[in-house]
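What follows is a single structure, written as structure tokens, with notes after it.
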Amino acid sequence: MGNTILNSVVSWFLKKRIHDMELFIKHPQELQDNVLQDLIYFARNTEYGKKYGFKDIKSYKDFAAIMPVVEYSDVQADIERCKSGENNIFWPTDIKWFAMSSGTTSARSKFIPVSQESLEDCHYAAAKDLLCMYLNNNPESKLFTGKGLRLGGSKKLDKKAGTAAGDLSSILIDNMPFWADYSSTPGNETALLADWETKLPAIVNETVKERVTSLAGVPSWMMVLLNKVLETTGKDNILQVWPDMEVFFHGGVSFDPYIEEYRKLLPSDRVKYYEIYNASEGFFAIQDKNDSKELLLMLDYGIFYEFIPMDNYGTPDEEIIPLNQVELGKNYAVIITTNAGLWRYKIGDTVRFTSTSPYRIKVTGRTKHHINVFGEELIIENAEEALKNTMISVPCAIKEYTVAPVFMHGKEKGAHEWMIEFNTAPVDELAFAKALDENLQKVNTDYEAKRYNNTTLTAPRIHHAKENTFYNWLKDKNKLGGQHKIPRLSNSREYMEELLKIHNSL
């Protein structure tokens, strides 16, 4: 009875937020302009505020004219100063937390500042909104009659400077409001264990005893955990362990390669899947409808958005536009100004707008994670769509993959080299390779042109990776668990050569 009452009370409270959302849906640009002015006013007396004359900025036009667009390397020195204990550099309140970038492009992590304002007004506000949307769409939900299984990373404290750094998920868990901690599993001690291979069985042992109604995490790592649950319990599927499971809140990587495996793990149409779009730099968008692949861009979290059309990204004709100038169907790089002191910061992600009333997006990839060695402009969205269609025509289930170019040499033409680890391998791998090539041509006309009569590109070369190839690659880089993920596309062969070495040694 107590849990039922709690579920009803929490549901009522969260649904009240729907009315606030209607405001930014009806008046998006006005709200975004207010967000920008609030950020500028709040930071007017910081080093950045004085350097760039925040007191004289009256409009977006002023802001765009005076504030440079930056990448991490441009602000790294100032972030290091802040991490060492200096304050009031780019944000007026003390910053004690730094989210370590979960990218796998190098062993060295980025340290993204996380202010108290961004914790409360962005990340935690988004968590409540996610629940609000889910409950609003599913009024019969009994989510709060059980607990949410969270899968996060680990934290490392910099005790000397009084600051702490770790995966964003760990920072959120460590600072979690009491109501969220009460309804979550595993407990903080287990959730924050640093070693993945120690953490995995510890999470299983603690959570199998609970009544779990939801999951939250990166699909690839959650799948590892759920398979470990089945191995430990001897059950055939997760609903035999947690019969009240009703939703998986996921983000970090595309869900398309994993959906069929999750349907086997959670064999019921009543289980919902809700996607989120967050990063170390902020929480940006939430799936606001059941069974949708579009994400509602959240405009009142203290983040001001700008965009660069990818068709002129990195060229002398590059242009930067505000939200009200975006067009449907175009690919854009995202620039953010945040309530943690990131000013006109390139986060490295690309999105495509599927609606402008309200503003809904799909995440299409990374500005640097693509292949364009031969003018083929292959982005992650193309690869994911082609793989999804291929898995339908040639039944199989993909666990992980990455793609690299094979460079032209002498008279040899170029190609794309795929390393794919399967959960269920195709019966006919030649048919799989042929179908993948055909589906890539269907979703990308540039790729199709380069493949025409083998003009520039020959057929893709595919390696069926041995089991645990990708796991061992991440382990070698000390990047197991948490939010770490495999780089899907690259213009270099760095990842491929490392993976081939591991593959050949197994």
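Basis for what follows: all heavy atoms, side chains included, without hydrogens, waters or symmetry-related copies. In this chain, numbering begins with 1 at the start of the sequence shown.
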Check whether any side-chain N or O of Asp129 sits under 3.5 Å from a backbone N or O of Cys132 as a donor-acceptor pair, and report yes or no.
no
Within the 3.5 Å criterion, strictly below it, is a donor on Ser118 or Asn339 matched to an acceptor on the partner's side chain?
no
Look only at the side chain of Glu294 and the backbone of Ser292, and say whether a donor-acceptor pair between them is shorter than 3.5 Å.
no
Walk me through it: do His416 and Tyr447 pass the test ring pair (Phe, Tyr, Trp, His ring centres under 6.0 Å)?
CA-CA 10 Å; His416 287 175; Tyr447 178 86; 5.6 Å; yes
Without hydrogens or angle criteria, can the side chains of Thr185 and Thr207 be said to hold a donor-acceptor pair below 3.5 Å?
no
Does atom CD (Glu497) have a neighbourhood of more than 12 heavy atoms from anything else shown, all under 6.0 Å?
yes
Under the 3.5 angstrom rule, does the side chain of Asn382 hit a backbone N or O of Ile379 as a donor-acceptor pair?
yes
Aromatic ring pairing His503/His463, orientation class (parallel under 30°, perpendicular over 60°, tilted between)
tilted
To the closest 0.5 Å, what do you measure between CG (Leu474) and OG1 (Thr469)?
11.5 Å
Taking 4.0 angstrom as the limit, do Arg493 and Glu417 come out as a salt bridge?
yes
Taking atom types as modelled, is there a side-chain donor on Asn331 or Tyr313 under 3.5 Å from an acceptor on the other?
no
Pairing of Lys501 and Glu498 as salt bridge, 4.0 angstrom limit:
no
Looking at CD of Glu429 and CG of Leu436, how far apart are the two atoms once the value is rounded to the nearest 0.5 Å?
12.5 Å
Side-chain contact test, heavy atoms from C-beta onward, threshold under 4.5 Å: evaluate it for Tyr359 versus Phe24 and give yes or no.
no
Contacts of Glu438 that satisfy side chain to side chain donor-acceptor pair (under 3.5 Å) - sequence neighbours left out
Lys434
Nearest 0.5 Å please: distance from the NZ atom of Lys450 over to the CG atom of Asp446.
5.0 Å
4.5 Å side-chain heavy-atom contact, Val218 and His250:
no
Does the side chain of Thr390 pick up a donor-acceptor pair with the side chain of Asn439 at under 3.5 Å?
yes
Is Arg488 paired with Glu400 through a side-chain N to carboxylate O contact shorter than 4.0 Å?
yes
From CA spacing to verdict: side chain to side chain contact (heavy atoms under 4.5 Å, CB included), Val351, Leu295
CA-CA 10 Å; Val351 301; Leu295 306 180; over 6 Å; no
When you compare the side chain of Lys264 with that of Asn237, does any pair of heavy atoms fall below 4.5 Å?
no
Test log, rule side chain to side chain contact (heavy atoms under 4.5 Å, CB included), inputs Ile380 and Val363
CA-CA 9 Å; Ile380 293 176; Val363 182; over 6 Å; no
Is it true that, when you exclude Lys96 itself, more than 12 heavy atoms of the residues, nucleotides or ligands shown sit nearer than 6.0 Å to its NZ?
no
Is any side-chain N of the basic residue among Glu448 and Arg451 closer than 4.0 Å to the acidic one's carboxylate O?
no
What's the separation between atom OG1 in Thr233 and atom CG in Asp236, rounded to the nearest 0.5 Å?
9.0 Å
Just by distance, do the side chain of Thr402 and the backbone of Pro487 share a donor-acceptor pair under 3.5 Å?
yes
For Phe283 against Tyr301, the heavy-atom pair lying closest together:
O-CD1, 3.4 Å
Over all heavy atoms of both residues, which pair between Ala191 and Lys199 is shortest? Give the atoms and the distance, please.
O-NZ, 3.0 Å
Residues forming a side chain to side chain contact (heavy atoms under 4.5 Å, CB included) with Asn468, sequence neighbours excluded
Lys399, Tyr471, Asn472
Value for CG (Leu226) from CG (Leu215), rounded to nearest 0.5 Å, stands at 5.5 Å
Kindly give the heavy-atom pair with the smallest separation between Met223 and Asn423, and that separation in Å.
SD-ND2, 3.6 Å
Leu135 versus Phe144: any side-chain heavy-atom pair under 4.5 Å?
yes
Check this for me: Gln240, atom CD, are more than 12 non-hydrogen atoms of other residues, nucleotides or ligands nearer than 6.0 Å?
yes
Side chain Asn389, main chain Glu385, donor-acceptor under 3.5 Å
yes
Pairs where residues 277-291 contributes a residue and the test salt bridge (charged side-chain N to carboxylate O under 4.0 Å, His left out) is met, not counting sequence neighbours:
Asp288-Arg360
Under the rule for side chain to side chain donor-acceptor pair (under 3.5 Å), what residues qualify as partners of Lys466, not counting sequence neighbours?
none
Checking Asn137 side chain against Met133 main chain: does a donor-acceptor pair fall under 3.5 Å?
yes
Run the ring pair (Phe, Tyr, Trp, His ring centres under 6.0 Å) check on Phe422 and Phe432 step by step: do they pass?
CA-CA 12 Å; Phe422 295 93; Phe432 174 87; 5.5 Å; yes
To check you understand the geometry: which heavy-atom pair defines the closest contact between Ser184 and Arg150, and what is its length?
CB-NH1, 3.6 Å
What pairs with Tyr274 under ring-ring contact (aromatic ring centres under 6.0 Å, His included), at least two apart in sequence or on another chain?
Tyr134
Closest approach of Phe284 to Leu297 (non-hydrogen atoms, all atoms of both residues):
O-CD1, 3.6 Å
Apply side chain to side chain donor-acceptor pair (under 3.5 Å) to Ser492 and list each qualifying residue two or more places apart in sequence or on a separate chain.
Ser490
Applying side chain to side chain contact (heavy atoms under 4.5 Å, CB included), run through Val271 and Tyr262 and close with a yes or a no.
CA-CA 10 Å; Val271 177; Tyr262 272 95; over 6 Å; no
pair Ile335-Tyr305: side-chain heavy atoms closer than 4.5 Å:
no
Could you tell me whether the side chain of Asn205 and the main chain of Pro201 form a donor-acceptor pair under 3.5 Å?
yes
Closest approach of Leu168 to Ala279 (non-hydrogen atoms, all atoms of both residues)
CD2-O, 3.2 Å
Counting distance only, does the side-chain N/O of Thr364 pair as donor-acceptor with the main-chain N or O of Thr350 below 3.5 Å?
yes
Do Gln287 and Leu296 come close enough that some side-chain heavy atom pair is under 4.5 Å?
no
Asn138 side chain reached by Val247 side chain, heavy atoms, under 4.5 Å
no
Distance-only donor-acceptor check, side chains Glu421 and His464, under 3.5 Å:
no
Are any of the side-chain nitrogens in Glu246 or Arg270 under 4.0 Å away from the carboxylate oxygens of its partner?
no
Do side-chain atoms of Thr145 reach the backbone of Lys142 as a donor and acceptor pair under 3.5 angstrom?
yes
Please round to the nearest 0.5 Å and tell me the distance separating atom CD of Glu260 and atom CD1 of Ile398.
11.5 Å
Do other residues, nucleotides or ligands put more than 12 heavy atoms under 6.0 Å from Asn504 CG?
yes
How about Leu143 and Leu131: do any of their side-chain heavy atoms sit closer than 4.5 Å?
yes
